[in-house]
Number of protein chains: 2
Amino acid sequence: MTERAAGPRARSDDLTAKARIRREALHLFAEHGVGATSLRTVAASAGVTVGLIVHHYGTKEALCDAVELEVVDLFAEAIASVPVADRPAAELVAARDVAVAEMLADNPAVVDYLRRAILHGGGDRKDLVSRLTELTAQQVHDLRSAGLASTRQTVGEQVVTIMVRQLGRLFLQPLVDRIAEEFDDLAGLPRPQLLVSLTR
Amino acid sequence: MTERAAGPRARSDDLTAKARIRREALHLFAEHGVGATSLRTVAASAGVTVGLIVHHYGTKEALCDAVELEVVDLFAEAIASVPVADRPAAELVAARDVAVAEMLADNPAVVDYLRRAILHGGGDRKDLVSRLTELTAQQVHDLRSAGLASTRQTVGEQVVTIMVRQLGRLFLQPLVDRIAEEFDDLAGLPRPQLLVSLTR
DNA sequence: TAAAAGACTGTACACATGTATAGGAAGTGC
DNA sequence: GCACTTCCTATACATGTGTACAGTCTTTTA
């Protein structure tokens with residue numbers, strides 16, 4: 001996991017400057033996009049100079065990679081947090097979905113960041129979506145070798161299904177909210193909720 | 001609609017330089033985002049100098065506005081293209097959905113641009129999502145006063161439903177495609193299709 | 001034909017960006 | 001005490017950015 005051990009000169013925050021940089025970067029990247037966030041903005045938010053960012057991460061892209069790795073870590077932690085007790089596969093999968101959903105609810109910046117990451121991909125770069133796909137594929141393989149997952153679909157189909165179920169609603173919900181925001185008659189009411197499913 | 005009348009010095013393309021600038025801007029903004037696209041890139045793609053962009057649009061934000069207005073125009077044209085013949089409301093709405101879907105299929109850049117636009121909003125600026133919402137609300141009002149739309153839901157609910165149906169799948173499909181892309185076993189098969197619906 | 005208007009270019013400028021680097025401050029091991 | 005590493009600041013620089021503007025060419029108007 002990412003290092004939490006307070007190095008020499010830990011700040012009052014209990015977070016290392018290095019960690020603070022990553023955290024602020026995640027928030028700013030999520031809110032304004034990576035391209036629109038300058039290292040100086042990150043530095044100011046973290047109460048640090050630009051030089052230190054360079055010292056710790058070398059380049060902006062490397063900082064971005066570090067942020068993405070932390071995001072993947074959060075997913076991995078959430079999944080790992082639910083015990084693989086002896087129970088039906090469907091229940092285990094559902095429990096994992098819940099754990100991931102809770103993690104995302106606790107870290108809204110992750111959701112925003114992810115939403116952006118989906119748009120930028122495509123290149124051959126090892127990006128966030130690829131890494132999360134890997135993580136999910138690993139999850140499916142584990143379930144299969146434990147005899148807990150159906151083998152009637154291909155692995156690919158199962159991975160797509162899981163990821164869409166976990167992420168789909170989160171990505172589309174802001175559209176619904178943005179639109180609903182423009183109507184007074186929807187002000188008090190609970191927001192309409194999205195239902196996302198897959199057909200072959 | 002946006003001016004197509006060839007001004008003085010129309011190029012071989014049949015498009016005015018001004019129109020070409022807007023078109024290239026749309027494509028580049030859609031592909032790389034507004035922030036990551038410089039006016040010089042737009043100028044080069046349009047075979048024009050930066051000065052001319054400034055001459056025609058004044059500022060980058062104004063160019064961006066012009067692009068968005070053209071996108072809204074495309075939606076309005078698509079909707080207006082289907083005659084309001086005497087037929088059941090459901091059929092009319094469905095026909096409009098098809099027209100919009102066809103327009104989007106013909107202009108993939110519009111889809112990409114829109115997908116990005118959803119993320120950036122929030123501010124008080126009159127942005128694309130607001131404008132499209134207005135357009136859809138107008139559509140709903142027209143249907144209502146022609147006695148073609150149910151009045152059992154609020155206008156807001158109807159607008160959200162229409163927009164989500166029209167746009168939802170398009171926004172999420174790239175996620176599905178990106179993930180599917182990572183699996184060889186899905187290479188030949190048709191991509192899984194998304195189904196997006198709303199619950200209250 | 002002369003003049004006004006608009007399309008268009010090229011250059012210049014102030015500013016923000018990412019990165020490099022020299023050096024100071026603070027902790028650790030001997 | 002001293003070297004040594006790590007954390008951190010400050011300054012500098014090359015490059016890319018949006019915008020401004022003076023001037024040229026072309027079309028339109030009269």
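Sequence lines set the chain letters: A, B, ... in the order given, protein chains first and strands last, and positions in each chain run from 1.
Here the OG1 atom belonging to A/Thr16 is positioned 10.0 Å from the CD1 atom belonging to A/Ile21, to the nearest 0.5 angstrom.
The residues A/Lys60 and A/Asp65 are annotated as not salt-bridged, no charged nitrogen and carboxylate oxygen being separated by less than 4.0 angstrom.
The distance between atom OH of A/Tyr57 and atom P of D/dC7, rounded to the nearest whole Å, is 11 Å. If you take CG of B/Leu39 and C1' of D/dG18, they are 6 Å apart, rounded to a whole angstrom. Counting to the nearest Å, the P atom of D/dT19 and the NE2 atom of B/His56 are 16 Å from each other. Residue A/Lys18 contributes atom NZ, which lies 18 Å from atom C1' of D/dT9 at whole-angstrom precision. A straight line from CD1 of A/Ile53 to P of C/dT21 spans 18 Å, rounded to a whole angstrom. To the nearest angstrom, C1' of D/dT6 lies 14 Å from CD1 of A/Ile21. Distance B/Lys60 NZ to D/dG18 P: 4 Å, rounded to the nearest Å. Between B/Leu52 atom CG and C/dA7 atom C1' the separation is 7 Å, expressed in whole Å.
The shortest side-chain heavy-atom distance between A/Arg116 and A/Asp112 does not fall under the 4.5 Å cut-off.
Positionally, the nearest nucleotide of DNA chain C for B/His55 lies more toward the 5' end than for the other of B/His55 and A/Val54. Comparing B/Val50 and A/Arg40 against DNA chain D, the residue whose closest nucleotide sits nearer the 5' end is A/Arg40. Looking at which nucleotide of DNA chain C each of A/Gly51 and A/Thr41 is closest to, the 5′-most match is held by A/Thr41.
A/Thr41 and A/Ser38 form a side-chain donor-acceptor contact under 3.5 Å, judged by distance and modelled atom types alone.
The side chain of A/Ser38 contributes no N or O atom lying less than 4.0 Å from OP1 or OP2 of C/dA16.
Among the heavy atoms of the strands lying under 4.0 Å from A/Thr49 is at least one base atom, whether or not backbone atoms are also near.
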